Structures are given as C-alpha cells and as structure tokens.
Amino acid sequence: MALFLFGLLPGYLPLPEVQMWGWWIKQILTPIIAVVGIVGNSMSFIVMKSKALRNKSYSHYLCSLAVFDSLTLIGREILMADELRQHMGMPSLFLGFPDNACKAYKFCEHLCYLMSSWLIVAMAFERIVAVFFPFKKTSFCNQKVGVTLIVSMVIVLSCTQLFRPMMVVNSDGLCRARDDFNLIYIQLHTFLYQITLIFTLPTLLVLLCNGLILYKIHEIRKATRDYSATATTTTTTSTRLTHGSGPQHKTTFMLLVISFTHVVLILPLIALTLTILVVTKRGGMDGARFLYAMKPYGDVLEVISELNYGVNFFIYVISGKSFRRELRKLFASERRHVFSSIRTRDTNSR
C-alpha cells in the first residue's frame with residue numbers, strides 16, 4: 001500500500017532535497033518480496049486445492065487471499081519499475097495509457113489491497129462461528145457460504161472505489177485525479193480508503209474477533225481441565241472433548257497468527273500517515289520539512305507493509321500441521337514423477 005502523501009511530493013517541492021536511501025531500499029527489496037511472495041502464494045494455492053484441504057471451511061479464503069496478494073505484489077512491482085525508469089530519465093510506463101486504462105488500473109490496484117485486508121476479516125468471522133457455535137459450523141462454514149461471502153465483498157468494496165474511474169485520468173504519464181477533482185480525491189483516498197477501509201475497520205474487527213476467540217478457547221480449555229479433574233465416570237466424553245478440539249484449535253491459531261501479522265505489519269505505516277496528516281495540516285515550511293524528513297522512513301515502512309502479501313506461506317508452514325503434511329506429499333509426488341520420467345527415458349534410450 002503506497003503512502004499517498006509521498007506520491008504527491010514531486011508536484012509541490014523540489015526533488016533534490018529528498019533523501020533517497022529509503023527509496024533505494026524499497027527498490028532493492030520490493031522485487032525480492034514480490035518474487036518470494038508470488039512463489040509462496042502459488043504454492044499455498046496449490047496445497048489448499050489438494051484433495052485433503054479443498055473441502056475445509058477456510059480453504060476458499062486462503063486461496064482468494066493468495067490470488068489477491070499476488071496481484072498486489074505484481075502491481076507494486078510495476079510501480080517500482082516505473083519509478084526506476086523515471087529516475088533514470090526514461091519515459092513512464094503509463095505514458096501511452098489512455099484515460100480508461102488508467103481508470104481500470106487504479107480501480108483494480110486498490111480493490112486488490114482492500115480484498116487482502118477484508119479477507120482477513122472474513123476468516124476472523126469464520127473462526128468466530130467455528131469456535132462459538134461448533135454445532136452450526138457445517139451450516140455456516142462451508143464452501144457455498146465462503147464463495148458467497150467473497151463475491152459479496154468484491155461487489156461491496158468495488159462500490160467504495162467507484163470514485164477512481166470517475167476522477168482518474170492520465171496526466172503526463174501519471175495515473176492521477178483531474179486537477180478539479182484533486183482535493184476531494186486526496187481526501188477520499190486518505191480518509192475513506194487508506195485510514196478507514198484498509199486499516200481502522202479491518203483492524204478493529206480483527207482484534208475484536210481474535211480477542212473473543214482467544215477468550216473462548218481459554219474458557220474451553222479451562223472447562224475441559226476442570227471436567228477431567230473431577231469426572232470419574234465420563235472418561236470417554238472428556239477424552240473426546242480434549243482431543244476433538246485439538247485440530248480445530250490448531251487451525252484457529254494459524255488463522256489468528258495471519259490476522260495479527262497483518263495488523264502488526266501495516267500499523268507502522270498507518271501511524272506515520274496519521275502523523276504526517278496532523279503535522280502538514282498546519283502548512284508552512286515546518287510541515288514541508290517534516291514531510292521530506294519522513295520520506296525515507298515512509299519508504300522503509302512501505303516495504304514492511306508489503307511483507308503482508310508475501311509472508312502467509314511461511315506462516316502456514318510454521319503453524320499449520322495439515323499444510324506441512326500436504327506440502328510434503330506434493331513434493332514427494334513431484335519427486336516420484338521426476339524419477340519415473342528419468343527411468344522411462346533411460347529405458348527408451350536403452
């Protein structure tokens with residue numbers, strides 16, 4: 001998620017005064033994050049579509065998250081390549097874009113960011129149902145409900161971004177708002193999109209859901225321990241209660257880690273954005289100096305926030321036992337296929 005205020009700097013202040021060390025860090029690390037993230041997201045998608053996991057209630061959310069995260073990383077790399085070209089004195093990649101192409105690009109770019117954030121919220125709500133209403137899990141945590149919720153989110157979030165096709169044009173190779181819409185576009189982007197839809201609402205909902213889930217899991221485990229300690233004639237029931245919740249809780253903890261990671265990685269960039277808004281609202285040279293001083297730190301925090309879109313695969317590997325098992329099966333199958341192909345080729349050669 002680009003820090004929008006920094007994107008406006010070239011039009012207002014002289015570029016030579018901007019420190020570039022943060023920009024170079026972003027240029028170096030963004031391609032690495034993009035490549036690793038896209039490969040990891042592709043592996044996650046394949047594993048989640050395996051026979052053992054495709055019917056799980058959360059598989060559609062994680063597959064969709066892998067797709068939108070990958071699209072976001074591709075979009076970020078396009079922007080980085082464009083910035084590098086302009087830094088080297090070459091024309092912008094968007095110079096030949098018609099206005100409609102700019103409108104579509106900006107709309108799709110920010111829709112992918114939104115979907116990546118709100119899919120985390122959808123998974124948090126899905127876990128609420130699974131933990132608080134286990135007997136209704138099969139009715140509400142299934143593929144049909146998951147697909148319906150994902151499609152509904154795409155429609156609703158698309159409606160929140162309709163201002164972009166209405167206002168964006170190609171201005172000298174920059175896909176930006178028309179001059180007469182510039183102020184309202186900045187306000188909508190900063191307050192509606194960036195602060196409200198990307199961070200505040202998703203973060204509050206995720207923290208609320210995750211807090212309730214952790215509390216419920218604590219209560220269940222406490223009740224199970226107390227019941228196991230006092231029961232004398234219901235050993236079978238106690239054993240089933242203890243072991244039956246294990247895999248469910250492991251899945252829940254994996255999804256909790258994903259949710260908290262999203263909040264932690266995006267929080268510093270949003271905090272810096274709010275600080276800049278407060279300081280620069282006063283105007284004057286002090287606000288301009290502060291904006292320029294924070295530019296390299298904003299670039300670094302952008303890189304940190306981009307880890308959101310490439311780190312989920314590693315979270316699955318670390319915290320998901322079922323995911324690791326299916327991943328090992330996938331690689332074992334690939335090795336068998338390669339060895340079989342080699343033996344067949346050797347046999348044909350002989």
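Scope of the values below: all heavy atoms of this structure, side chains included, with no hydrogens, waters or symmetry mates. Treat the numbers as computed from the prediction; the structure is a model and nothing was measured.
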Colleague: So which of T160, T72, L119 actually passes side chain to side chain contact (heavy atoms under 4.5 Å, CB included) with L114?
Modeller: T160

Colleague: Taking salt bridge (charged side-chain N to carboxylate O under 4.0 Å, His left out) as the test, write out the residues that go with E326, two or more places apart.
Modeller: K329

Colleague: Is the Y297 to W21 ring centre distance short of 6.0 Å?
Modeller: yes

Colleague: Can you get from M48 to I46 by hopping between Ile, Leu, Val, Met, Phe, Trp and Tyr side chains that sit under 4.5 Å apart?
Modeller: yes

Colleague: Hey, mind stepping through R178 and Y185 against side chain to side chain donor-acceptor pair (under 3.5 Å) and telling me if it holds?
Modeller: CA-CA 9 Å; R178 283 167 37 190; Y185 184 86; over 6 Å; no

Colleague: Given 3.5 Å as the limit, does a donor-acceptor pair link the side chain of Q161 with the main chain of K106, or not?
Modeller: no

Colleague: Go through L53 and S50 one step at a time and tell me if the side-chain contact (heavy atoms from CB on, under 4.5 Å) criterion holds.
Modeller: CA-CA 6 Å; L53 297 179; S50 64; 3.9 Å; yes

Colleague: If you look only at pairs with a residue in residues 206-218, which of them pass as a side chain to side chain donor-acceptor pair (under 3.5 Å), with sequence neighbours excluded?
Modeller: none

Colleague: Determine, stepwise, if the pair E219 / K222 fulfils salt bridge (Lys or Arg N to Asp or Glu O under 4.0 Å).
Modeller: CA-CA 5 Å; E219 289 295 309; K222 181 181 178 182; 5.4 Å; no

Colleague: Search all heavy atoms of H262 against all heavy atoms of N308 and return the closest pair with its distance.
Modeller: CA-OD1, 2.9 Å

Colleague: Between Y309 and S116, which heavy-atom pair has the shortest distance, and what is it?
Modeller: CE2-CB, 3.7 Å

Colleague: Taking the side chain from T200 and the backbone from I195, do they hold a donor-acceptor pair closer than 3.5 Å?
Modeller: yes

Colleague: Return yes if some donor-acceptor pair links the side-chain N/O of D82 with the main-chain N/O of S92 below 3.5 Å, else return no.
Modeller: no

Colleague: Is a donor on one side and an acceptor on the other found under 3.5 Å between the side chain of N170 and the backbone of C102?
Modeller: no

Colleague: Run the side-chain contact (heavy atoms from CB on, under 4.5 Å) test on T275 and M294 for me, step by step, so that the C-alpha distance in whole Å, both residues' side-chain angles and the decisive distance to 0.1 Å come before the verdict.
Modeller: CA-CA 10 Å; T275 304; M294 291 296 102; over 6 Å; no

Colleague: For the residue pair L269 and I304, establish whether any side-chain heavy-atom pair is separated by less than 4.5 Å.
Modeller: no

Colleague: Please report the C-alpha distance between I258 and Y316 in whole Å, then the side-chain angles of each, then the deciding distance to 0.1 Å, and finally whether the side-chain contact (heavy atoms from CB on, under 4.5 Å) criterion is met.
Modeller: CA-CA 9 Å; I258 296 171; Y316 304 155; 3.1 Å; yes

Colleague: Mind checking who shares a hydrophobic cluster with V169, ILVMFWY linked at side-chain heavy-atom distances under 4.5 Å?
Modeller: none

Colleague: Is there side-chain contact between P31 and M80, with heavy atoms separated by less than 4.5 Å?
Modeller: no

Colleague: With sequence neighbours left out, what residues match H110 under ring pair (Phe, Tyr, Trp, His ring centres under 6.0 Å)?
Modeller: H189, Y193

Colleague: Assess whether atom CG of D172 is packed by more than 12 heavy atoms of other residues, nucleotides or ligands within 6.0 Å.
Modeller: no

Colleague: For L208, what residues pass the side-chain contact (heavy atoms from CB on, under 4.5 Å) criterion, not counting sequence neighbours?
Modeller: L212

Colleague: With distance as the sole criterion, is a donor-acceptor pair present between the side chains of N41 and N312 under 3.5 Å?
Modeller: no

Colleague: Does F107 reach the side chain of S158, with side-chain heavy atoms less than 4.5 Å apart?
Modeller: yes

Colleague: Return the set of residues passing ring pair (Phe, Tyr, Trp, His ring centres under 6.0 Å) with F313 (not counting sequence neighbours), or none when no residue passes.
Modeller: F323

Colleague: According to a hydrophobic-cluster definition based on side-chain heavy atoms being under 4.5 Å apart (Ile, Leu, Val, Met, Phe, Trp, Tyr only), do L201 and F199 belong together?
Modeller: yes

Colleague: With the side chain counted from C-beta on, respond yes when L157 and Y113 share a heavy-atom pair under 4.5 Å apart, and no when they do not.
Modeller: no

Colleague: Is the closest side-chain heavy-atom distance between H87 and M20 below 4.5 Å?
Modeller: yes

Colleague: Quick one: does T190's side chain have a donor or acceptor within less than 3.5 Å of a partner on Q187's backbone?
Modeller: no

Colleague: For a quick test of reading the model, state the closest non-hydrogen atom pair linking F191 to T196 and the distance between them.
Modeller: O-OG1, 2.6 Å

Colleague: Let me check something: do L205 and L197 share a hydrophobic cluster, defined by ILVMFWY side-chain heavy atoms less than 4.5 Å apart, either directly or through other members?
Modeller: yes

Colleague: According to a 4.5 Å side-chain heavy-atom criterion applied to Ile, Leu, Val, Met, Phe, Trp and Tyr, with indirect links allowed, do I184 and V168 form part of one hydrophobic cluster?
Modeller: yes

Colleague: Could you go through T30 and E306, starting from their C-alpha distance and side-chain angles, then the distance that decides it, and tell me whether this counts as side chain to side chain donor-acceptor pair (under 3.5 Å)?
Modeller: CA-CA 8 Å; T30 296; E306 287 167 12; 3.2 Å; yes

Colleague: Using the rule that Ile, Leu, Val, Met, Phe, Trp and Tyr join whenever any side-chain heavy atoms are under 4.5 Å apart, tell me whether V156 and L111 fall into a single cluster.
Modeller: no

Colleague: If the plane angle is over 60° it's perpendicular, under 30° parallel, otherwise tilted; pick one for F94 and Y105.
Modeller: tilted

Colleague: Measuring only between side-chain heavy atoms, which start at C-beta, is M115 closer than 4.5 Å to L71?
Modeller: no

Colleague: Under the criterion side-chain contact (heavy atoms from CB on, under 4.5 Å), I'd like the reasoning laid out for L79 against E109: C-alpha separation, chi angles, the key distance, then a yes or no.
Modeller: CA-CA 11 Å; L79 290 178; E109 176 192 11; 3.3 Å; yes

Colleague: Is the CZ atom of F132 crowded by more than 12 outside heavy atoms at less than 6.0 Å?
Modeller: yes

Colleague: Please check if the side chain of R324 supplies one atom and the backbone of V317 the other of a donor-acceptor pair under 3.5 Å.
Modeller: yes

Colleague: Any side-chain heavy-atom pair from I128 and C209 closer than 4.5 angstrom?
Modeller: yes

Colleague: Just do the salt bridge (Lys or Arg N to Asp or Glu O under 4.0 Å) check on K295 and D299 with the steps written out, would you?
Modeller: CA-CA 6 Å; K295 175 66 168 64; D299 289 331; 2.9 Å; yes

Colleague: Any side-chain heavy-atom pair from F260 and L207 closer than 4.5 angstrom?
Modeller: yes

